[in-house]
2 protein chains.
Amino acid sequence: MTLHHPTTEELELPTVLHALSDPQRLLIVRKLSAEPEPRACGAFDVNVSKSTCTHHFRVLREAGVIEQRRLGTARLNSLRRDDLDRRFPGLLDAVLASAAAESAAAV
Amino acid sequence: MTLHHPTTEELELPTVLHALSDPQRLLIVRKLSAEPEPRACGAFDVNVSKSTCTHHFRVLREAGVIEQRRLGTARLNSLRRDDLDRRFPGLLDAVLASAAAESAAAV
DNA sequence: GCAGAAGTTCGATGATCGTCGTACAATGAG
DNA sequence: CTCATTGTACGACGATCATCGAACTTCTGC
């Protein structure tokens, strides 16, 4: 099975915003942005089941937010930062900064 | 009936992103941002029914994106730009710029 | 007071969403 | 080859969503 990734031109703003509007997915994206290294799906301690995890990663991938590639039985996830920045300049940074500000304010 | 508006501190990022992830609502916000004057609900040529319109404006209001106040039988809508900027700096501008870039690219 | 305009409220409907468990496929280690 | 690991596929479930029409409320103008 080949994993479908939208091209940079195919990225749609409502789709991206919807992908980022779920707390679990937002958490995944934040963790992904915190380290430059791609991470396997299991490396996020999201407290949902495996199948739910697969679902969230697919939503993020099909929205064009992350890229997934195979490595053995694992799947390495990385943020499509450059593509997002080219298509929607400043958006990802604003969302990440807002998420950080929000979680800081929640303390 | 009093209209409930969340305070600046109550704004939640996933809620705001969700409110902006609908094409109709994104259009409303863009039109709202294009002019400084508050506008009545009917002043947006959104091609949905009146009740759907009410629904979208409520979602935007309860997410804290817009403010609604009465003026006769009409409801004046304005963008809560300052509150959003204080809570989520740069987010609204990035979304608006992205939406503009997207619609320009769609030509 | 009455008619019209502007929105709201109240179901209802079909679609999508987030979540789960179970069964399955692919890969690496022994 | 066998087995454990990693993730997917497939329903299924309740919840939420976007949409609608019909009836209602509130206000303005005449």
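Note on naming: letters A, B, ... go to the chains in the order of the sequence lines (proteins, then strands), and numbering restarts at 1 for each one. Below, all heavy atoms of this structure are taken into account, side chains as well, without hydrogens, waters or symmetry copies.
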Once you round it to whole Å, what is the distance between [atom2] of [N] and [atom1] of [X]?
| X | N | atom1 | atom2 | value |
| --- | --- | --- | --- | --- |
| A:L60 | C:dG18 | CG | P | 10 Å |
| A:R69 | D:dT6 | CZ | C1' | 16 Å |
| B:R61 | C:dT8 | CZ | C1' | 11 Å |
| A:H18 | D:dC17 | NE2 | P | 10 Å |
| A:H55 | C:dT16 | NE2 | C1' | 10 Å |
| A:D22 | D:dC17 | CG | C1' | 15 Å |
| A:I28 | C:dG18 | CD1 | C1' | 12 Å |
| B:K50 | C:dA5 | NZ | P | 10 Å |

Taking only side-chain N and O atoms of [X], does any of them lie within less than 4.0 angstrom of OP1 or OP2 on [N]?
| X | N | value |
| --- | --- | --- |
| A:T52 | C:dG18 | no |
| A:R25 | C:dG18 | yes |
| B:R58 | C:dG7 | no |
| A:R75 | C:dA26 | no |
| B:Q68 | C:dG7 | no |
| A:S49 | C:dC20 | yes |

Judged by nearest nucleotide, the residue sitting upstream toward the 5' end of DNA chain C, B:A43 or A:V48, is B:A43
On DNA chain C, more 5' by nearest nucleotide between B:L76 and A:H56 is B:L76
Side-chain contact check for B:T54: nearest option of C:dT9, C:dA6, D:dT19 is C:dT9
* Going by modelled atom types, is there a donor-acceptor pair between the base of D:dG21 and the side chain of B:S51 at under 3.5 Å? -> yes
pair [X]-[Y]: side-chain heavy atoms closer than 4.5 Å:
| X | Y | answer |
| --- | --- | --- |
| B:T8 | B:R80 | yes |
| B:L60 | B:N77 | no |
| B:P6 | B:E12 | no |
| A:I28 | A:V46 | yes |

Minimal heavy-atom distance between A:V48 and A:C53, with the atoms involved, is CG2-N, 4.1 Å
